[in-house]
K.L.:
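Structure in structure tokens, see below.
Every chain is numbered from 1 and lettered A, B, ... according to where its sequence line falls, protein lines coming before strand lines. Everything numeric here is computed off the predicted structure, so don't read it as measured data.
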Amino acid sequence: MSMPTLDERLKHLIAKKKEYTLEKQQVIGYMDRDDTGLILPPAHQRKVVSVISGSGVPVTDVVFSDFSITPNHPDGSFYGPVGVGRNFRDFLKYHPPFVDPMSALAGAYMVNFSAYRTGDNPDLNYDHLKAAHEKYKLIPGIFAMQHLCQDLQIGLDLGWDGLQEKVLKYRALNGEDKHPFYDGLSMVIDGFQSWIEHNAQHALKLSQAEPDPEIAAHLQSLHDMNLRIAHRKPETFMEACQFILWYQMGCRSYNSSGSLGRLDVLLLPYYRRDTAAGILTDEKAIFAIACLLLRDTGYLQLGGYDADGNDTTNPVSFLTLEAISRLRLPSNAGVCVGRGISRELLRRSVEMQFQDKCGNPRFVGTDALVDGLQRNPGVTLEDARMRTNAGCHWLAIPGREYSIMDCVKINFAAVMEIALQEAVERLGEPDIEDILAIYEKHMKLCVDTLAQGFTFNYENQIHNMPELVISLMSYGTIEQGLDCSGGGVEKYLWCIDGSALAVVADSLAAIEQRVLTEKRYTYAQLMQFLKSDWAGPDGERARQFMQSVDHYGKGGSRADLWAKRLSDIFTQAVTAARTPKYGHAMVPGLFSWASTLDLGAQVGATANGRKAGRPVNHGANPNPGFRTDGAATAMSQAIASVQCGYGNTSPMQLEMEPSVTADEGGIEAVMALIEDHFASGGTLINLNVIDADTLRQVHENPDLFPDLVVRVTGFSAYFKSLSPEFRQLVVDRILDKSVS
Amino acid sequence: MAAQNTVKPPVRGCITNIQRFSLHDGPGVRSTVFFKGCPLRCLWCHNPETFSFQPVLARDEKRCIGCGSCTEACEINGLRLSDDGFAYDAEHCRHCYACAAECPTGALAPLGREVSVDEVLADVLPDRGMYQRTGGGVTLSGGEAAAQPAFALALIRALHAHGIHTALDTCGHVESETFLSVCREADLILFDLKHAEDAEHKRLTGRDMRLIRRNFQLLSWEQTPVEVRIPVIPGLNDQDMVHQAIAGIIRQNSNVKSIVLLGYHPLGGAKVIGLNERRTELSITPPSRESLAAMAAAMAARTGLPCTFR
């Protein structure tokens with residue numbers, strides 16, 4: 001026996017990953033969220049719990065049954081930098097080691113540290129905001145975590161010892177009031193170093209017990225490498241990958257942060273040095289990147305612009321794509337598309353999409369995003385270029401921006417529900433402009449409430465769950481002794497997303513046509529139908545009439561016009577406002593993440609024929625059935641037309657049949673569609689290539705294709721891991737708008 | 001002399017649909033405008049509701065909720081909905097479409113609508129960026145677009161004014177002078193050849209080949225490039241002898257640049273059905289990719305032209 005080939009090793013690792021996934025499905029059950037590299041703890045160390053995820057939704061999770069946190073609050077939990085830092089350190093020190101001899105990299109994480117939290121600090125009160133939250137069904141993002149991006153370059157330049165020295169240096173320079181923050185940082189570093197060393201020792205033990213000399217030598221090298229990078233900065237490509245992996249897994253465990261940033265740019269110097277020195281081949285590089293992505297499905301960007309506007313596409317960009325292609329697992333690479341960015345990167349990405357059918361990669365409309373972000377105060381062209389794809393639908397300037405992207409949502413349908421009721425009560429027979437005027441009033445109130453929430457977050461997160469891990473690799477945090485959540489970084493651009501655009505646009509068009517123009521129904525009748533949830537045969541008939549009005553997305557319809565107005569109202573309300581006391585800007589986008597079910601559950605029947613509690617549309621996408629031909633170009637134009645235009649995204653969720661590229665010219669057609677969408681102002685495309693028949697079969701029986709990966713929204717996951725309700729949502733969207 | 005009103009009413013045409021992001025109706029990404037009305041009656045046609053040149057009442061069974069509003073709205077009591085199904089008095093229908101207006105789901109709707117050139121442009125112009133990027137454009141199809149020559153010409157000219165490439169997908173069975181007048185203004189002709197022998201062509205399509213053959217030969221004197229499209233219907237026109245004869249026809253036209261074999265695909269499920277068209281239920285097994293590949297290779301060898309298949 002000897003060390004298998006890289007290809008064989010990767011096959012083994014992929015097979016193991018699938019075993020781990022199956023085990024998670026059996027123990028945790030449905031997971032309507034990102035697939036991650038988490039491996040469950042050994043059976044005797046597991047305890048299943050129900051927690052609130054890093055994105056603010058209740059989920060089932062697993063913790064170590066024999067690890068307990070040390071509370072620092074009478075309620076039995078832990079808060080603030082010292083409480084969090086100490087417990088995270090202890091958690092990492094406790095964390096069992098994991099080494100798979102076939103991997104180029106040591107380590108895996110087994111438990112989300114955040115699952116030990118039982119809630120937010122009860123001493124921090126925002127009751128004054130709750131009435132508005134409830135009234136408008138806002139998702140305010142108070143105490144939302146992560147959703148920003150560190151700059152890994154800081155860690156790669158300093159190493160863990162260097163980071164500790166930096167922390168201690170600035171602790172000595174800053175006032176005592178900052179010491180708890182620094183102490184928390186120090187404890188986090190201590191935890192990381194212990195964790196890495198523990199794994200190094202485990203690799204050594206495995207090496208000593210390994211009968212095969214080649215495998216034993218590899219394990220020894222894992223030991224040596226990890227002992228080094230537990231303290232010193234990485235020097236080689238492998239060490240850089242290993243360093244990034246530890247940080248990333250720790251970050252993910254800490255509070256679900258999954259932002260890798262510009263992996264191709266970070267690894268390039270190591271790649272160049274090591275290939276020139278003859279110690280790295282492209283195959284080894286692909287293997288190392290694949291091993292990294294196996295253990296964390298982090299969000300990364302490939303290509304893009306540097307601060308000077310040069311294209312950052314480089315050989316590592318393509319090697320990373322190749323690694324993702326070989327894995328055929330959930331992953332979250334965003335490939336930049338732009339006038340000054342390599343078209344070969346786009347071509348390879350489109351080919352991969354149709355060849356692998358795993359929803360990888362995604363496409364980032366860089367030019368529109370760069371142009372848009374500069375419209376925000378204090379953002380330069382260089383800043384905008386440096387913003388990096390780092391999450392489901394979002395970007396961040398690595399190490400320099402805080403925004404809690406994707407954590408704050410306004411449900412347009414909930415706001416319109418209130419506005420329509422008020423308009424009819426006050427005016428009797430309002431026209432659409434009357435309704436929109438009242439809607440706009442309420443939208444501003446929503447924004448004002450959320451702005452107060454941002455200020456509350458800014459002042460209080462440090463006392464709750466500070467971003468200690470990300471603050472370690474941010475600019476200004478260690479220097480000033482301020483957490484990135486509360487003043488430590490340069491830019492605060494709070495993200496507010498709008499949802500249910502298509503529901504409301506179609507509703508306005510339906511009211512306009514059926515009530516105001518045709519006079520088929522009176523407002524009194526309509527409101528009764530909505531209140532009764534379209535009860536009875538008359539109600540169902542009315543529902544069908546309202547539903548059959550031309551939709552947003554058809555092109556040139558009244559609903560298209562209203563969609564643009566709704567986006568404009570929202571954009572103006574958000575961008576005109578500032579957060580109280582600190583005057584931070586807020587940036588709008590259109591996105592519903594995976595919350596279309598939850599958002600819909602909060603809203604009654606709507607005038608577009610939607611029944612009470614039914615899901616709302618995905619993000620900026622039109623409702624299913626928007627055109628008989630379901631044309632991708634029509635959807636592309638519609639979504640481009642409603643972009644908010646301030647540098648946050650409103651993604652297009654696009655599904656395509658594999659046959660689209662079966663004939664010559666197909667790849668070019670899809671490339672053209674992507675480029676045209678971005679040239680028209682589009683900002684992000686999430687793409688699924690899937691055969692409708694396969695999807696129907698797997699929906700009936702997920703076990704038929706247990707390895708089927710779909711891009712749910714911004715994240716990708718195993719179809720089988722999703723709950724039946726979630727699968728239905730994905731299926732409905734794909735089957736109704738699949739381009740063939 | 002009294003002043004005359006010289007403003008002509010805009011030309012209108014009857015179409016069934018406009019399909020954007022079409023990948024198989026000519027080069028690049030295209031929008032396809034489906035004209036209503038066709039001189040042929042191909043046995044395998046998936047859209048027999050497009051045969052007539054006027055709008056027809058059509059019904060989508062999947063969308064019908066059985067509310068009966070249509071039957072109440074019909075002034076001649078020409079519709080009946082019962083457990084036995086849906087009955088429609090095509091003979092006495094006045095085509096007022098009062099029934100369709102009362103259908104809440106759009107299950108009952110006129111198939112075919114009169115449009116102006118501007119209305120078509122409104123739907124196809126938004127994709128001009130895509131046409132430019134991919135060498136695409138707009139294809140006039142159907143039905144038979146050349147059978148509405150005034151509208152086809154007006155549309156082609158309007159598209160050209162916007163710098164958009166045009167293709168005409170034609171069965172070739174239109175009076176020759178009219179036919180050529182339209183072909184001369186298009187940028188590309190997609191010419192369907194379904195057989196080579198008159199009697200059999202008539203059996204399969206309702207018309208013999210004389211006019212089609214004549215028009216195909218006349219095109220060889222024109223400037224417009226031609227792509228020949230051959231639908232492959234197993235058991236009906238896929239015999240080697242038939243393809244050999246079609247190749248003979250193709251060789252007579254030096255404007256033909258390429259050939260495409262279109263393998264028959266059955267429809268996936270229920271669709272909109274024109275209520276006054278008789279549907280022919282065919283039981284045809286689609287040709288395999290291997291057989292299409294062999295046919296394409298043989299056609300290429302016989303004609304000296306590139307031949308692909310779908």
K.L.:
Counting heavy atoms not belonging to Lys554(A), are there more than 12 under 6.0 Å from its NZ?
P.N.:
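Open: at most 12 neighbouring heavy atoms sit under 6.0 Å from NZ of Lys554(A).
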K.L.:
If you count every heavy atom of other residues, nucleotides or ligands that lies below 6.0 Å from Arg310(B) atom CZ, does the total exceed 12?
P.N.:
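Result for CZ/Arg310(B): enclosed.
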K.L.:
Below 4.5 Å, heavy atoms only, C-beta onward: do Asp663(A) and Thr308(B) meet side chain to side chain?
P.N.:
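Of all side-chain heavy-atom pairs linking Thr308(B) with Asp663(A), none is under 4.5 Å.
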K.L.:
For the candidates Glu518(A), Glu668(A), Glu675(A), Arg627(A), which exhibits the highest count of non-hydrogen atom pairs separated by less than 4.5 Å from chain B?
P.N.:
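Option with the top pair count is Arg627(A).
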K.L.:
Provide the closest heavy-atom pair for Ala669(A) versus Leu23(B) in the form atom of the first, atom of the second, distance.
P.N.:
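Taking Ala669(A) first and Leu23(B) second, the nearest heavy atoms are CB-CD2, 3.8 Å.
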K.L.:
Give a yes or no on whether Arg339(A) atom CZ has more than 12 heavy-atom contacts from other residues, nucleotides or ligands under 6.0 Å away.
P.N.:
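Count not over threshold, so no.
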K.L.:
Is it the side chain or the backbone of Arg520(A) that comes within 4.5 Å of chain B heavy atoms, both, or neither?
P.N.:
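For Arg520(A), side-chain heavy atoms alone lie under 4.5 Å from chain B.
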K.L.:
Chain B heavy atoms under 4.5 Å from Gln637(A): which part of the residue, side chain, backbone, both or neither?
P.N.:
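Only the side chain of Gln637(A) comes within 4.5 Å of chain B.
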K.L.:
Hey, is the main chain of Gln544(A) close enough, under 3.5 Å, to the side chain of Thr105(B) for a donor-acceptor pair?
P.N.:
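Here the side-chain-to-backbone pair does not exist.
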K.L.:
Atom CG of Asp123(B) and atom CG of Asp629(A): how far apart are they, to the nearest 0.5 Å?
P.N.:
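Reported to 0.5 Å precision, the distance equals 7.5 Å.
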K.L.:
For Glu102(B), is it the side chain, the backbone, both or neither that has a heavy atom under 4.5 Å from a heavy atom of chain A?
P.N.:
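Both backbone and side chain.
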K.L.:
Under the criterion side-chain contact (heavy atoms from CB on, under 4.5 Å), which of Cys103(B), Ser69(B), Pro104(B) is the partner of Phe545(A)?
P.N.:
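Among the candidates, only Pro104(B) passes.
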K.L.:
Checking an interface table here. Which of residues 132-145 of chain B come within a heavy-atom distance under 4.5 Å of chain A?
P.N.:
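So the qualifying residues are Arg133(B), Thr134(B).
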K.L.:
When rounded to the nearest 0.5 angstrom, what distance separates CD in Gln19(B) from OG1 in Thr633(A)?
P.N.:
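These two atoms lie 9.5 Å from each other.
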K.L.:
So what's closer than 4.5 Å to chain A heavy atoms on Ala101(B): side chain, backbone, both or neither?
P.N.:
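Just the backbone, heavy atoms under 4.5 Å.
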K.L.:
Please round to the nearest 0.5 Å and tell me the distance separating atom CE of Met130(B) and atom OG of Ser680(A).
P.N.:
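The distance works out to 9.5 Å.
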K.L.:
Contact part of Thr628(A) toward chain B, heavy-atom cut-off under 4.5 Å: side chain, backbone, both or neither?
P.N.:
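For Thr628(A), side-chain heavy atoms alone lie under 4.5 Å from chain B.
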